[in-house]
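Numbers restart at 1 for each chain; the letters A, B, ... are given by sequence-line order, proteins then strands. The figures here come from the full heavy-atom set of this structure, side chains too, leaving out hydrogens, waters and symmetry mates.
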Protein chains: 2
Amino acid sequence: MLGTKKMFSIGDLSRRTRVKVPTIRFYEEKGLLPRPDRTAGNQRRYDETALKRLLFIRHCRDLGLPLADVVGLLSLEGASGTDLDRAHEIAEKQLADLRDRISRLQSLETELTRISKACDGKHDHVCAVLHAFGDHSECKGSHSN
Amino acid sequence: MLGTKKMFSIGDLSRRTRVKVPTIRFYEEKGLLPRPDRTAGNQRRYDETALKRLLFIRHCRDLGLPLADVVGLLSLEGASGTDLDRAHEIAEKQLADLRDRISRLQSLETELTRISKACDGKHDHVCAVLHAFGDHSECKGSHSN
DNA sequence: ACTTGAACCTCTAGTAACTAGAGGAATTAC
DNA sequence: GTAATTCCTCTAGTTACTAGAGGTTCAAGT
Ligand SMILES: [Zn+2]
Ligand SMILES: [Zn+2]
Ligand SMILES: [Zn+2]
Ligand SMILES: [Zn+2]
């Protein structure tokens, strides 16, 4: 039993991680996953390490991290001391980003709610919703960018 | 003074709408703006109608509408009767979409807040933040997709 | 009229993070 | 042995722009 690790095909890995097959190849190309061993027929075969790494990536993505930050976190594997502060930075940045996006979407929600309710639905001549889409003067906030 | 409308260069239009010059060309290519008249030297010259149309597009984009929906709204210019219901549909859809995104971002915020606070910052050996990024088992919700 | 500098032109390629499809080879199950 | 499934590479498409190269036109000043 020496050297006989469990090996997975790309499809196995996909099922276990719910990451689609082309996405796994994409991650390899982008350097997030190391190039795996191949069979004699050139098909990829992965081990447990790759599985764990892909699960890590998947979870980070689910948390909304951009791939660049996932790369940053992956590079901290085995790090110690102040190098690990980088993980905190990434988390804080993502959190700040998230809060910013939420508050922006909330002001959009305010505006769209108003716009949606602007029209009585009697479309004799014009639609107040359509008009409101083009008219910023009734908006409360600036909601640009 | 017959036929002498005020005309704008693409730069003028850009300044008045705060839409960048390459973006204006892009909108033209995508059919959101009609091809304008040109000078003898092939430069674009716009009129008030184009200005208004671009302001409309800009505001819709600021409200988060995808270009496809902006196209849909633009096509309602001059429409009447039940055709205008389409504007309501677009508004409702965008609102639903927005609310969905907000609630998703909010659950991400919950998880990231927890993850951020997981580590005491003493990085003797490991970082709990780094660990938490890879571990879904501590998460409250599913937060996938 | 001439010159200069800003603004304009087209075209290509790059961004983020995949996804889809073509055309063909390998693997697995029966 | 053969058929179904999975795999391979490569290209291109998605969204909504943005950046740059290389060249032309316009507007203002002299
Ligand atoms: Zn209406
Ligand atoms: Zn507005
Ligand atoms: Zn830490
Ligand atoms: Zn999780």
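Nearest-nucleotide positions on DNA chain C place Arg61(A) closer to the 5' end than the other of Arg45(A) and Arg61(A). Positionally, the nearest nucleotide of DNA chain D for Gln43(A) lies more toward the 5' end than for the other of Gln43(A) and Thr23(B).
Side-chain nitrogen and oxygen atoms of Ser9(B) include none within less than 4.0 Å of the OP1 or OP2 phosphate oxygen of dA7(C). Within the 4.0 Å cut-off from OP1 or OP2 of dA16(D), not a single side-chain nitrogen or oxygen of Tyr27(B) is found. Using a 4.0 Å cut-off, no side-chain N or O of Thr39(B) falls inside it from OP1 or OP2 of dT25(D). Side-chain nitrogen and oxygen atoms of Arg38(B) include none within less than 4.0 Å of the OP1 or OP2 phosphate oxygen of dT25(D). At the phosphate of dT19(C), OP1 or OP2 sits under 4.0 Å from a side-chain N or O atom of Lys20(A). Proximity of Arg44(A) to the phosphate of dC7(D): no side-chain N or O atom is located under 4.0 Å from OP1 or OP2.
Here the side chains of Thr113(A) and Leu95(B) are in contact, with some heavy-atom distance below 4.5 Å. For the pair Ser14(B) and Ile24(B), the minimum side-chain heavy-atom distance is below 4.5 Å. Counting only heavy atoms from C-beta outward, the side chains of Asp47(A) and Met7(A) approach each other to under 4.5 Å. Looking at Arg86(A) and Cys127(B), their side chains never come closer than 4.5 Å, going by heavy atoms from C-beta outward. Counting heavy atoms from C-beta outward, Leu63(A) and His59(A) have side chains that approach closer than 4.5 Å.
As rounded to whole Å, 14 Å separates atom C1' of dG13(D) from atom CZ of Phe26(A). Distance OH (Tyr46(B)) to P (dC9(C)): 7 Å, rounded to an integer number of Å. For the pair Leu67(A) CG and dA17(C) P, the computed distance is 4 Å after rounding to whole Å. As a whole-Å value, the separation of Arg25(B) CZ from dT10(C) P is 7 Å. The nearest whole Å value for the distance from the NZ atom in Lys30(A) to the P atom in dA16(C) is 7 Å. Distance, Asp12(B) CG to dC26(D) P: 14 Å, rounded to whole Å. Rounded to an integer number of Å, the gap from CE of Met7(A) to P of dA26(C) is 19 Å. Rounded to an integer number of Å, the gap from CG of Leu33(A) to C1' of dA17(C) is 14 Å.
Picking from dT18(D), dA17(C), dC26(D) the nucleotide with the shortest atom distance to the side chain of Pro22(B) gives dT18(D). The side chain of Asn42(B) lies closest to dC9(C), out of dA16(D), dC9(C), dC26(D). When each of dT9(D), dC18(C), dC8(C) is scored by its nearest atom to the side-chain atoms of Val21(B), the top-ranked nucleotide is dC8(C).
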